Amino acid sequence: MSELPDASAWTLDPDLAYLNHGGFGAAPRSVLAEQQAWREAMERNPAGFLTRDLPGLVDAVRDQVARFLGADAEGLVFTDNATTGTQTVIAQTRLAPGDEVLTTDHCYPAVLAQLHRAVDAAGAVLRVAPVPIPASSRAAVIAAVVSWLSDQTRLVVVDHVASCSGLVFPVEEITAECRRHGVAVLVDGAHAAGMLPVDLGRLGADFWVGNLHKWVCAPKAVAVLHTAPRWRDAVRPLVASHGMSGGYRPSFDWTGTRDPSALLAVPAALAFFDRAGWEATRQHNSDLARRGAELVARRIGTSAPAADGMTSAMRLVRLRQALDEQGARALEDHLLRQHRVIVPVTSHGGWQWLRVSAQLYNTIEDYERLAEALLADIERGMDTA
Ligand SMILES: Cc1ncc(COP(=O)(O)O)c(C=O)c1O
(Lines give C-alpha, C1' and ligand atoms only; values in the text may rest on other atoms or scores of the structure.)
Protein backbone atom coordinates (compact mmCIF):
# COMPACT_ATOMS: atom_id res chain seq x y z
CA MET A 1 0.00 0.00 0.00
CA SER A 2 1.38 3.42 -0.92
CA GLU A 3 1.90 6.01 1.80
CA LEU A 4 -0.62 8.79 2.14
CA PRO A 5 0.61 12.35 1.56
CA ASP A 6 1.29 14.38 4.71
CA ALA A 7 1.52 18.06 5.67
CA SER A 8 4.55 18.54 3.40
CA ALA A 9 2.15 18.32 0.44
CA TRP A 10 0.39 21.49 1.67
CA THR A 11 1.56 25.07 2.26
CA LEU A 12 -0.11 25.42 5.68
CA ASP A 13 1.76 27.33 8.41
CA PRO A 14 3.66 24.57 10.28
CA ASP A 15 3.27 26.57 13.47
CA LEU A 16 -0.50 26.02 13.47
CA ALA A 17 -2.59 23.06 14.54
CA TYR A 18 -5.03 23.50 11.67
CA LEU A 19 -8.24 21.73 12.72
CA ASN A 20 -10.64 23.60 10.45
CA HIS A 21 -10.33 21.97 7.06
CA GLY A 22 -14.13 22.05 6.91
CA GLY A 23 -14.08 25.86 6.97
CA PHE A 24 -12.55 26.60 3.60
CA GLY A 25 -10.52 23.53 2.63
CA ALA A 26 -6.82 23.90 1.83
CA ALA A 27 -5.26 23.27 -1.56
CA PRO A 28 -2.09 21.14 -1.87
CA ARG A 29 1.06 22.64 -3.40
CA SER A 30 0.70 20.67 -6.62
CA VAL A 31 -2.83 22.03 -7.08
CA LEU A 32 -1.72 25.61 -6.43
CA ALA A 33 1.10 25.16 -8.95
CA GLU A 34 -1.42 23.96 -11.53
CA GLN A 35 -3.64 26.95 -10.80
CA GLN A 36 -0.68 29.29 -11.29
CA ALA A 37 0.17 27.59 -14.59
CA TRP A 38 -3.40 28.24 -15.81
CA ARG A 39 -3.15 31.88 -14.74
CA GLU A 40 0.03 32.26 -16.73
CA ALA A 41 -1.49 30.54 -19.74
CA MET A 42 -4.42 32.96 -19.59
CA GLU A 43 -2.26 36.04 -19.23
CA ARG A 44 -0.23 35.18 -22.34
CA ASN A 45 -3.35 35.94 -24.40
CA PRO A 46 -6.31 36.85 -22.19
CA ALA A 47 -8.87 37.43 -24.92
CA GLY A 48 -7.89 34.33 -26.86
CA PHE A 49 -7.88 32.21 -23.72
CA LEU A 50 -11.19 33.41 -22.29
CA THR A 51 -13.19 33.44 -25.50
CA ARG A 52 -11.65 30.60 -27.50
CA ASP A 53 -9.94 28.12 -25.17
CA LEU A 54 -12.01 28.36 -22.03
CA PRO A 55 -15.35 26.83 -23.18
CA GLY A 56 -13.70 23.55 -24.21
CA LEU A 57 -11.52 23.50 -21.09
CA VAL A 58 -14.57 24.01 -18.83
CA ASP A 59 -16.45 21.21 -20.62
CA ALA A 60 -13.51 18.85 -20.04
CA VAL A 61 -13.45 19.70 -16.32
CA ARG A 62 -17.23 19.29 -16.18
CA ASP A 63 -17.03 15.79 -17.71
CA GLN A 64 -14.42 14.79 -15.17
CA VAL A 65 -16.33 16.21 -12.20
CA ALA A 66 -19.56 14.62 -13.47
CA ARG A 67 -17.85 11.20 -13.50
CA PHE A 68 -16.49 11.85 -10.00
CA LEU A 69 -19.94 12.73 -8.65
CA GLY A 70 -21.91 10.15 -10.65
CA ALA A 71 -23.73 13.06 -12.25
CA ASP A 72 -25.24 13.77 -15.64
CA ALA A 73 -22.88 16.38 -17.15
CA GLU A 74 -25.84 18.12 -18.80
CA GLY A 75 -27.11 19.08 -15.37
CA LEU A 76 -23.77 20.13 -13.89
CA VAL A 77 -22.75 23.78 -13.80
CA PHE A 78 -20.06 25.62 -11.87
CA THR A 79 -20.52 28.45 -9.39
CA ASP A 80 -17.94 30.22 -7.25
CA ASN A 81 -19.17 28.70 -4.01
CA ALA A 82 -21.98 26.75 -2.39
CA THR A 83 -23.61 29.98 -1.19
CA THR A 84 -24.17 31.04 -4.79
CA GLY A 85 -25.49 27.58 -5.68
CA THR A 86 -28.07 27.43 -2.89
CA GLN A 87 -29.11 31.05 -3.48
CA THR A 88 -29.60 30.31 -7.19
CA VAL A 89 -32.07 27.53 -6.41
CA ILE A 90 -33.82 29.19 -3.48
CA ALA A 91 -34.31 32.48 -5.32
CA GLN A 92 -36.03 30.66 -8.19
CA THR A 93 -38.35 28.48 -6.14
CA ARG A 94 -41.85 29.72 -6.93
CA LEU A 95 -43.48 30.10 -3.55
CA ALA A 96 -47.04 31.28 -2.92
CA PRO A 97 -48.54 32.58 0.33
CA GLY A 98 -49.06 29.70 2.75
CA ASP A 99 -46.52 27.40 1.03
CA GLU A 100 -44.02 25.77 3.33
CA VAL A 101 -40.27 25.26 3.03
CA LEU A 102 -38.76 22.67 5.32
CA THR A 103 -35.22 22.53 6.63
CA THR A 104 -33.54 21.34 9.83
CA ASP A 105 -31.84 22.98 12.77
CA HIS A 106 -28.50 21.88 11.24
CA CYS A 107 -28.99 24.20 8.24
CA TYR A 108 -26.01 26.46 7.50
CA PRO A 109 -26.79 30.02 8.75
CA ALA A 110 -26.21 31.63 5.34
CA VAL A 111 -28.61 29.18 3.72
CA LEU A 112 -31.12 29.81 6.49
CA ALA A 113 -30.86 33.53 5.72
CA GLN A 114 -31.59 32.78 2.05
CA LEU A 115 -34.63 30.73 3.06
CA HIS A 116 -35.93 33.46 5.37
CA ARG A 117 -35.65 36.01 2.60
CA ALA A 118 -37.50 33.77 0.12
CA VAL A 119 -40.38 32.84 2.43
CA ASP A 120 -40.75 36.40 3.74
CA ALA A 121 -40.99 37.76 0.19
CA ALA A 122 -43.65 35.20 -0.77
CA GLY A 123 -45.69 35.14 2.44
CA ALA A 124 -44.67 31.50 2.79
CA VAL A 125 -43.64 29.68 5.98
CA LEU A 126 -40.27 28.23 6.99
CA ARG A 127 -40.42 25.06 9.10
CA VAL A 128 -37.25 24.04 10.93
CA ALA A 129 -37.22 20.39 12.03
CA PRO A 130 -35.12 19.70 15.13
CA VAL A 131 -32.69 16.82 14.61
CA PRO A 132 -31.06 16.10 17.99
CA ILE A 133 -27.44 15.05 18.40
CA PRO A 134 -26.19 12.50 19.01
CA ALA A 135 -28.57 11.02 16.47
CA SER A 136 -29.78 7.66 17.71
CA SER A 137 -30.09 6.07 14.24
CA ARG A 138 -30.54 6.78 10.54
CA ALA A 139 -34.23 5.94 10.93
CA ALA A 140 -34.58 8.52 13.72
CA VAL A 141 -32.99 11.24 11.56
CA ILE A 142 -35.18 10.37 8.57
CA ALA A 143 -38.31 10.44 10.74
CA ALA A 144 -37.25 13.73 12.38
CA VAL A 145 -37.22 15.36 8.94
CA VAL A 146 -40.00 13.69 6.95
CA SER A 147 -42.55 13.84 9.77
CA TRP A 148 -42.65 17.60 9.08
CA LEU A 149 -43.74 17.18 5.44
CA SER A 150 -47.23 18.56 4.83
CA ASP A 151 -49.51 19.18 1.88
CA GLN A 152 -48.11 22.71 1.82
CA THR A 153 -44.41 21.73 1.63
CA ARG A 154 -42.89 22.89 -1.67
CA LEU A 155 -39.18 22.56 -0.98
CA VAL A 156 -37.01 20.62 1.47
CA VAL A 157 -33.47 21.84 2.09
CA VAL A 158 -31.30 19.27 3.79
CA ASP A 159 -27.57 19.11 4.46
CA HIS A 160 -25.54 16.24 3.07
CA VAL A 161 -22.97 16.83 5.84
CA ALA A 162 -23.96 19.53 8.33
CA SER A 163 -21.54 22.32 9.18
CA CYS A 164 -22.58 22.82 12.80
CA SER A 165 -22.53 19.13 13.73
CA GLY A 166 -20.67 17.11 11.10
CA LEU A 167 -23.77 14.89 10.95
CA VAL A 168 -23.97 12.91 7.69
CA PHE A 169 -27.66 13.01 6.83
CA PRO A 170 -29.34 9.98 5.23
CA VAL A 171 -30.04 12.08 2.14
CA GLU A 172 -30.97 9.11 -0.09
CA GLU A 173 -33.88 8.08 2.11
CA ILE A 174 -34.98 11.67 2.78
CA THR A 175 -34.89 12.45 -0.94
CA ALA A 176 -36.87 9.29 -1.78
CA GLU A 177 -39.52 10.17 0.80
CA CYS A 178 -39.81 13.73 -0.53
CA ARG A 179 -40.19 12.39 -4.07
CA ARG A 180 -43.04 10.16 -2.87
CA HIS A 181 -44.73 13.31 -1.53
CA GLY A 182 -44.02 15.24 -4.75
CA VAL A 183 -41.80 17.73 -2.91
CA ALA A 184 -38.61 19.16 -4.44
CA VAL A 185 -35.35 18.60 -2.54
CA LEU A 186 -32.25 20.78 -2.45
CA VAL A 187 -29.31 18.93 -0.90
CA ASP A 188 -26.63 21.23 0.51
CA GLY A 189 -23.56 19.12 -0.20
CA ALA A 190 -21.05 21.87 0.64
CA HIS A 191 -18.92 19.33 2.54
CA ALA A 192 -19.86 16.13 0.75
CA ALA A 193 -17.74 16.11 -2.42
CA GLY A 194 -14.49 14.42 -1.50
CA MET A 195 -15.47 13.69 2.11
CA LEU A 196 -17.97 11.00 1.07
CA PRO A 197 -18.49 8.92 -2.04
CA VAL A 198 -21.21 10.83 -3.93
CA ASP A 199 -23.48 9.34 -6.60
CA LEU A 200 -25.86 12.03 -7.74
CA GLY A 201 -27.54 9.73 -10.26
CA ARG A 202 -28.52 7.38 -7.48
CA LEU A 203 -29.43 10.17 -5.08
CA GLY A 204 -31.95 11.66 -7.52
CA ALA A 205 -32.27 15.01 -5.71
CA ASP A 206 -33.87 17.86 -7.61
CA PHE A 207 -30.90 20.09 -6.78
CA TRP A 208 -27.50 19.35 -5.28
CA VAL A 209 -24.90 21.95 -4.46
CA GLY A 210 -21.34 21.11 -3.47
CA ASN A 211 -18.04 22.86 -2.93
CA LEU A 212 -14.90 21.59 -4.62
CA HIS A 213 -12.62 23.86 -2.55
CA LYS A 214 -13.41 22.08 0.71
CA TRP A 215 -12.84 18.30 0.64
CA VAL A 216 -11.68 17.95 -2.99
CA CYS A 217 -9.02 20.55 -2.08
CA ALA A 218 -9.37 22.57 -5.26
CA PRO A 219 -8.22 26.19 -5.00
CA LYS A 220 -10.79 28.71 -3.77
CA ALA A 221 -13.38 29.31 -5.06
CA VAL A 222 -15.17 26.61 -7.03
CA ALA A 223 -18.44 24.76 -6.51
CA VAL A 224 -21.04 22.85 -8.51
CA LEU A 225 -24.79 22.98 -8.89
CA HIS A 226 -26.49 19.89 -10.28
CA THR A 227 -30.09 20.26 -11.43
CA ALA A 228 -32.43 17.39 -12.32
CA PRO A 229 -33.72 17.45 -15.92
CA ARG A 230 -37.24 18.53 -14.92
CA TRP A 231 -35.96 21.85 -13.53
CA ARG A 232 -33.38 22.79 -16.15
CA ASP A 233 -35.72 25.12 -18.00
CA ALA A 234 -36.53 26.93 -14.76
CA VAL A 235 -33.08 27.52 -13.28
CA ARG A 236 -30.77 30.29 -14.49
CA PRO A 237 -27.77 32.03 -12.88
CA LEU A 238 -28.43 34.98 -10.60
CA VAL A 239 -26.28 37.10 -12.92
CA ALA A 240 -27.52 37.15 -16.52
CA SER A 241 -24.95 37.41 -19.28
CA HIS A 242 -24.24 36.33 -22.87
CA GLY A 243 -25.30 32.71 -22.55
CA MET A 244 -28.80 33.37 -21.22
CA SER A 245 -30.61 32.50 -24.43
CA GLY A 246 -28.67 29.25 -24.80
CA GLY A 247 -30.43 27.32 -22.05
CA TYR A 248 -29.40 25.95 -18.69
CA ARG A 249 -25.73 25.07 -19.18
CA PRO A 250 -24.62 27.92 -21.44
CA SER A 251 -26.31 30.43 -19.16
CA PHE A 252 -24.01 29.40 -16.30
CA ASP A 253 -20.86 29.07 -18.41
CA TRP A 254 -20.37 32.81 -18.71
CA THR A 255 -21.57 35.15 -15.97
CA GLY A 256 -19.02 37.87 -16.64
CA THR A 257 -15.22 37.97 -16.49
CA ARG A 258 -13.70 36.03 -13.62
CA ASP A 259 -10.53 34.09 -12.89
CA PRO A 260 -11.19 30.51 -14.06
CA SER A 261 -7.90 29.15 -12.73
CA ALA A 262 -9.41 27.51 -9.62
CA LEU A 263 -11.89 25.64 -11.78
CA LEU A 264 -9.19 24.60 -14.25
CA ALA A 265 -7.08 23.24 -11.38
CA VAL A 266 -9.87 20.89 -10.23
CA PRO A 267 -8.45 17.96 -12.28
CA ALA A 268 -5.14 18.40 -10.43
CA ALA A 269 -6.98 18.16 -7.11
CA LEU A 270 -8.83 15.04 -8.26
CA ALA A 271 -5.51 13.58 -9.44
CA PHE A 272 -3.89 14.31 -6.06
CA PHE A 273 -6.48 12.16 -4.29
CA ASP A 274 -6.59 9.57 -7.08
CA ARG A 275 -2.91 9.02 -6.33
CA ALA A 276 -3.46 8.98 -2.56
CA GLY A 277 -6.55 6.78 -2.93
CA TRP A 278 -9.98 8.21 -2.11
CA GLU A 279 -11.00 5.34 0.11
CA ALA A 280 -7.73 5.36 2.04
CA THR A 281 -8.05 9.14 2.46
CA ARG A 282 -11.65 8.92 3.70
CA GLN A 283 -10.79 6.14 6.11
CA HIS A 284 -7.81 8.07 7.44
CA ASN A 285 -9.79 11.27 7.88
CA SER A 286 -12.79 9.74 9.56
CA ASP A 287 -10.62 7.61 11.90
CA LEU A 288 -8.45 10.60 12.81
CA ALA A 289 -11.44 12.91 13.39
CA ARG A 290 -12.98 10.28 15.69
CA ARG A 291 -9.76 9.62 17.59
CA GLY A 292 -8.97 13.31 17.84
CA ALA A 293 -12.43 14.30 19.07
CA GLU A 294 -12.49 11.47 21.60
CA LEU A 295 -9.02 12.42 22.85
CA VAL A 296 -10.00 16.07 23.42
CA ALA A 297 -13.34 15.14 25.02
CA ARG A 298 -11.68 12.63 27.35
CA ARG A 299 -9.04 15.14 28.42
CA ILE A 300 -11.48 17.96 29.20
CA GLY A 301 -14.04 15.61 30.71
CA THR A 302 -16.87 15.93 28.20
CA SER A 303 -18.10 13.79 25.29
CA ALA A 304 -17.71 13.47 21.52
CA PRO A 305 -21.23 12.60 20.44
CA ALA A 306 -21.81 10.64 17.26
CA ALA A 307 -24.02 7.84 16.03
CA ASP A 308 -22.28 4.96 14.32
CA GLY A 309 -21.72 5.57 10.64
CA MET A 310 -23.28 9.05 10.72
CA THR A 311 -20.13 11.14 10.82
CA SER A 312 -17.04 11.34 8.69
CA ALA A 313 -14.14 13.80 8.74
CA MET A 314 -15.73 16.41 11.04
CA ARG A 315 -16.58 15.61 14.65
CA LEU A 316 -17.86 17.52 17.65
CA VAL A 317 -16.45 17.85 21.13
CA ARG A 318 -18.86 19.08 23.78
CA LEU A 319 -17.66 22.19 25.61
CA ARG A 320 -17.66 22.16 29.40
CA GLN A 321 -19.83 25.24 29.74
CA ALA A 322 -22.48 27.13 27.82
CA LEU A 323 -21.11 30.07 25.82
CA ASP A 324 -22.95 32.83 24.05
CA GLU A 325 -22.02 33.91 20.52
CA GLN A 326 -19.46 36.41 21.83
CA GLY A 327 -17.93 33.80 24.15
CA ALA A 328 -17.66 31.33 21.27
CA ARG A 329 -15.76 33.81 19.08
CA ALA A 330 -13.57 34.80 22.04
CA LEU A 331 -12.64 31.15 22.61
CA GLU A 332 -11.71 30.72 18.93
CA ASP A 333 -9.57 33.88 19.10
CA HIS A 334 -7.92 32.80 22.33
CA LEU A 335 -7.04 29.34 20.97
CA LEU A 336 -5.48 30.92 17.90
CA ARG A 337 -3.58 33.73 19.61
CA GLN A 338 -2.38 31.90 22.72
CA HIS A 339 -2.08 28.35 21.45
CA ARG A 340 -1.86 28.53 17.64
CA VAL A 341 -4.84 26.21 17.24
CA ILE A 342 -7.45 26.89 14.59
CA VAL A 343 -10.77 25.30 15.50
CA PRO A 344 -14.32 26.59 15.09
CA VAL A 345 -16.87 26.72 17.88
CA THR A 346 -20.28 25.80 16.51
CA SER A 347 -23.71 25.87 18.05
CA HIS A 348 -26.44 23.28 17.95
CA GLY A 349 -29.29 22.31 20.23
CA GLY A 350 -28.66 25.22 22.58
CA TRP A 351 -25.06 24.17 23.26
CA GLN A 352 -21.62 25.02 21.89
CA TRP A 353 -19.20 22.53 20.42
CA LEU A 354 -15.67 22.42 19.14
CA ARG A 355 -15.84 21.11 15.59
CA VAL A 356 -12.63 19.31 14.72
CA SER A 357 -11.83 18.35 11.13
CA ALA A 358 -9.29 15.84 9.88
CA GLN A 359 -7.40 15.97 6.60
CA LEU A 360 -4.24 14.15 5.51
CA TYR A 361 -2.04 16.96 6.83
CA ASN A 362 -3.34 16.51 10.39
CA THR A 363 -1.81 14.21 12.97
CA ILE A 364 -3.02 13.19 16.41
CA GLU A 365 -0.58 15.77 17.86
CA ASP A 366 -2.84 18.55 16.53
CA TYR A 367 -5.69 17.32 18.73
CA GLU A 368 -3.22 16.83 21.62
CA ARG A 369 -2.30 20.50 21.22
CA LEU A 370 -5.96 21.49 21.42
CA ALA A 371 -6.51 19.32 24.50
CA GLU A 372 -3.36 20.71 26.18
CA ALA A 373 -4.47 24.26 25.44
CA LEU A 374 -7.88 23.73 26.98
CA LEU A 375 -6.41 21.94 29.98
CA ALA A 376 -3.82 24.66 30.57
CA ASP A 377 -6.62 27.22 30.65
CA ILE A 378 -8.69 25.10 33.00
CA GLU A 379 -5.69 24.71 35.35
CA ARG A 380 -5.06 28.44 35.32
CA GLY A 381 -8.65 28.96 36.38
CA MET A 382 -9.48 30.37 32.94
CA ASP A 383 -11.98 27.73 32.01
CA THR A 384 -12.70 29.13 28.58
CA ALA A 385 -14.12 25.85 27.34
C1 LIG B 1 -23.33 23.27 4.95
C2 LIG B 1 -22.74 24.47 4.27
N3 LIG B 1 -23.42 25.07 3.28
C4 LIG B 1 -22.94 26.12 2.62
C5 LIG B 1 -21.71 26.63 2.92
C6 LIG B 1 -21.20 27.83 2.18
O7 LIG B 1 -20.03 27.53 1.50
P8 LIG B 1 -19.25 28.70 0.76
O9 LIG B 1 -18.79 29.66 1.81
O10 LIG B 1 -18.13 28.04 0.06
O11 LIG B 1 -20.23 29.34 -0.14
C12 LIG B 1 -20.95 26.06 3.94
C13 LIG B 1 -19.63 26.61 4.30
O14 LIG B 1 -18.98 26.21 5.23
C15 LIG B 1 -21.48 24.95 4.63
O16 LIG B 1 -20.80 24.37 5.62
Side-chain angles (χ1 to χ4, degrees), residues 18-27 65 77-91 101 103-118 128-129 131 133 141 145 155-171 174 185-196 198 203 205 207-226 237-239 252 255 258-259 262-263 265-266 269 285 289 310-316 328-329 332 342-348 353-359:
Y18 197 83
L19 295 175
N20 190 14
H21 189 84
F24 302 96
V65 173
V77 294
F78 295 106
T79 62
D80 283 350
N81 46 53
T83 305
T84 306
T86 54
Q87 179 67 91
T88 302
V89 174
I90 290 166
V101 175
T103 188
T104 78
D105 61 353
H106 295 242
C107 183
Y108 187 66
V111 178
L112 201 61
Q114 296 173 349
L115 291 174
H116 275 297
R117 183 161 77 166
V128 180
V131 179
I133 47 171
V141 173
V145 179
L155 176 70
V156 171
V157 180
V158 64
D159 288 289
H160 205 145
V161 183
S163 169
C164 64
S165 61
L167 182 68
V168 177
F169 274 76
V171 286
I174 292 170
V185 185
L186 162 60
V187 176
D188 179 353
H191 290 276
M195 189 197 285
L196 305 172
V198 173
L203 177 59
F207 310 100
W208 188 91
V209 166
N211 275 326
L212 300 178
H213 52 245
K214 287 188 190 279
W215 297 90
V216 174
C217 293
K220 286 159 266 300
V222 54
V224 303
L225 162 63
H226 185 264
L238 297 172
V239 176
F252 282 89
T255 54
R258 48 186 290 279
D259 179 352
L263 171 57
V266 167
N285 292 350
M310 297 193 69
T311 54
S312 180
M314 295 194 301
R315 290 283 296 257
L316 294 185
R329 299 294 79 82
E332 288 173 348
I342 291 274
V343 66
V345 177
T346 68
S347 168
H348 182 266
W353 312 82
L354 292 164
R355 188 197 70 189
V356 294
S357 294
Q359 185 48 278

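Atoms within a ligand are numbered from 1 in the order they appear, just like the ligands themselves. If you're wondering where the values come from, they're calculated on a predicted model, not measured in any experiment. For the single chain, residues carry numbers from 1 onward in sequence order.
Taking OG1 of T346 as the reference point, atom CG of L354 lies at 8.0 Å (rounded to 0.5 Å). Summarising the geometry, atom CG belonging to N211 is positioned 7.5 Å from atom OG1 belonging to T79; distances are rounded to the nearest 0.5 Å.
Summarising the geometry of Q359 relative to W215, their closest heavy-atom pair is NE2-CE3, 3.6 Å, with the distance given to 0.1 Å. Of all heavy-atom pairs spanning V343 and E332, the tightest one is O-CG, 3.5 Å.
Contacts of ligand 1 (protein heavy-atom distance under 4.0 Å) are N81, A82, T83, Y108, D159, S163, D188, A190, H191, N211, H213, K214.
Within the 3.5 Å criterion, the main-chain N or O of L238 finds no donor-acceptor partner in the side chain of T88.
Counting only residues at least two apart or in different chains, side-chain hydrogen bond (donor to acceptor under 3.5 Å, both in side chains) contacts with residues 156-171 comprise H106-S165, H160-W208, S163-R355.
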